[in-house]
Amino acid sequence: MSRIILEDVWYKNIVRGVSMKAENGVTAIIGPNGSGKTTILRIIVGALKPDKGRVVVPSRIGSSWQNPYYTFTKAEVIEEFIEIYGDKGRAEELLKTYNLESLKNSYTFKLSMGQARLISILIAISWDPEALVVDEPTNGLGVREKRMVEDLLKNIKIPVVIASHDLDFVLRVADYVYVLSNGRVVAGGPTLDVFYSSILSVLGFPEPYAVLVGRKLGRRLRSIE
Amino acid sequence: MSSVRSIHPLVGFLAIIWVMTALYIGSLLSALLLTLILLLYLISSQPLESTRRLTILYLWLVLPPLIVLTIVYGPIDALNITLRLFILASVFTSTLQLMKPTELIYISSRLGIPPLAALTIPIIIRLADYMNYTISETLVALKGRGLSGRKLLTSLPIPLTAHIIISSAQMAEAIAQKQYKNHTKYTSKPTIKTIDILITTYIIANTIIILIQTP
Ligand SMILES: Nc1ncnc2c1ncn2[C@@H]1O[C@H](COP(=O)(O)OP(=O)(O)OP(=O)(O)O)[C@@H](O)[C@H]1O
Ligand SMILES: [Mg+2]
């Protein structure tokens, strides 16, 4: 089983002594704009070398980034998957599985942002990597596409690390959450623990709707008791 | 008015045409000199960081051909060819970066060229400045889909070119739209400055010298 480990990782003054661990399942990094989320993902995939610290990662890491169009190397969506699988039948099957047959012959560079992100993530997991990194997985995605990405990330059996501002999505998909502020991990733990702690409101995050309802229901239940 | 240095668009185009002519008739030295003047003027007008990136870009442009050509043709010919390559690239990048978009639109609208078309080329050139960053972003994305080695390098131009064309078109469109709505604000009549007179004089003088020398 592969895993991702960062130990006291420093990069310029952007990442300051970050330690985290990701095993099978989804690990989410959340934090304000500019807190260093993308930088950490780039360190994980080896695009940036940390000034200090230990990074343990598998050699094959799939990734999808803020600009999904950079992933594309073919004119049509179907060609991308034929390239990866070397087999037209399998490529078509995959698109069918995700109900994306309508995009089969779309021009990759003309896809809408949400469609492009979805396809980019699909490409990133299709070459059978040992871990997956996705920056802002739900940026620009509609409701249906969000559900698809959620299913996708939940069901693959490798460590997945995402960076996201979408707390509702993180609550649904992540097993583990790290909260980043100014390049430091200020909280980390199982998703529900982090969401129920006061750290999010301290950092000024709005509570996800579900957490809000949960809290209110909990109070109501306690008062009934 | 901004204090950013610029050249008159017509002088810019004149410089491009002249340098190409000079190269064509073999006046390497005078083409080089004009190119250097333009480059120096450009460097003095922009922040150090942009110059640093421009230098890296030129190194990328010049070193690989120099090495390959040295192996194939020997050092003298290699230097000769690379120098021409450098001159051509510099004269295009420097003049296009030194033209003010607003002045360019002013000229192009009088030549019957839509602003969109007039802007796309200089914007593509300006993007060269941010190319290094884009290249590294693209490399990371392609590695993320399992490409490596030769396959990675041969695939790189595809998303890169698509990105540059798409974003250039988008930027040109955005600027062109602005200028349609606000015609007076976003065009400006080009002014003639000392540098324009200098370049024009240089070109005329050199043309005369060449004409005299030609039997
Ligand atoms: N290559 C770089 N060199 C120097 N500084 C950088 C570089 N890349 C990013 N930064 C800076 O590092 C900080 C963190 O950037 P990063 O992109 O990691 O943040 P983020 O948490 O992903 O933000 P966002 O939520 O906006 O995506 C920012 O202040 C940014 O300006
Ligand atoms: Mg980011």
Side-chain angles (χ1 to χ4, degrees), chain A residues 38-49 57-76 79-81 83-86 107-113 116-117 119-137 160-162, chain B residues 47-50 52-53 56-57 59-60 116-117 119-121 123-177:
Chain A
T38 302
T39 308
I40 290 178
L41 297 189
R42 291 172 74 90
I43 290 173
I44 291 175
V45 302
L48 294 176
K49 295 270 166 287
V57 292
S59 56
R60 296 149 54 84
I61 307 181
S63 60
S64 168
W65 301 88
Q66 244 144 334
N67 185 338
Y69 299 96
Y70 288 154
T71 307
F72 303 144
T73 61
K74 292 277 185 279
E76 291 181 15
E79 292 175 57
E80 298 281 7
F81 295 99
E83 154 112 352
I84 293 171
Y85 293 128
Y107 287 118
T108 48
F109 293 101
K110 285 189 179 169
L111 292 172
S112 77
M113 180 58 90
R117 191 169 307 285
I119 299 293
S120 158
I121 296 174
L122 265 181
I123 291 175
I125 62 172
S126 293
W127 62 287
D128 204 21
E130 297 160 280
L132 178 70
V133 161
V134 187
D135 201 3
E136 314 272 6
V160 177
V161 180
I162 65 170
Chain B
L48 214 64
E49 178 57 22
S50 303
R52 196 183 66 84
R53 272 180 297 196
I56 294 173
L57 196 73
L59 286 182
W60 269 102
L116 187 68
L119 283 171
T120 306
I121 294 170
I123 288 172
I124 288 180
I125 303 289
R126 268 156 206 260
L127 280 178
D129 197 33
Y130 125 105
M131 276 278 277
N132 287 314
Y133 176 71
T134 313
I135 290 175
S136 77
E137 290 271 283
T138 313
L139 278 175
V140 174
L142 291 178
K143 280 184 195 158
R145 58 170 294 171
L147 300 183
S148 60
R150 207 176 65 88
K151 186 85 187 112
L152 178 66
L153 290 182
T154 50
S155 301
L156 182 64
I158 303 163
L160 213 54
T161 313
H163 172 71
I164 290 169
I165 292 172
I166 291 167
S167 38
S168 305
Q170 282 169 350
M171 280 163 77
E173 207 171 326
I175 297 173
Q177 258 165 20

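Quick note on labels: first sequence line is chain A, next is B, and so on, each numbered from 1.
Of the two parts of A/Ile84, only the side chain, counted from C-beta on, holds a non-hydrogen atom closer than 4.5 Å to a non-hydrogen atom of chain B. Neither the backbone nor the side chain of A/Gln66 comes within contact range of chain B; no heavy atoms are under 4.5 Å apart. Heavy atoms of A/Ser64 lying under 4.5 Å from chain B are absent altogether. Using a 4.5 Å cut-off between heavy atoms, A/Phe72 touches chain B through its backbone atoms (N, CA, C, O) alone. Contacts between A/Asn67 and chain B at a heavy-atom distance below 4.5 Å involve the side chain alone, from C-beta outward.
Every residue was checked against the side-chain hydrogen bond (donor to acceptor under 3.5 Å, both in side chains) condition with A/Tyr107, not counting sequence neighbours, and none meets it. By the salt bridge (Lys or Arg N to Asp or Glu O under 4.0 Å) test, A/Lys74 pairs with A/Glu83, sequence neighbours left out.
No donor-acceptor distance shorter than 3.5 angstrom exists from the side chain of B/Arg145 to the backbone of A/Ile123, with no hydrogens or angles considered. Judged by distance alone, the side chain of A/Trp65 and the main-chain N or O of B/Thr138 form no donor-acceptor pair under 3.5 Å.
In this structure, CG on B/Leu156 lies 10.5 Å from OH on A/Tyr70, to the nearest 0.5 angstrom.
The minimum heavy-atom distance linking A/Tyr69 with B/Pro159 is given by the pair O-CB, 4.0 Å. Between B/Leu142 and A/Thr73, the shortest heavy-atom contact is CD2-CG2, 3.5 Å.
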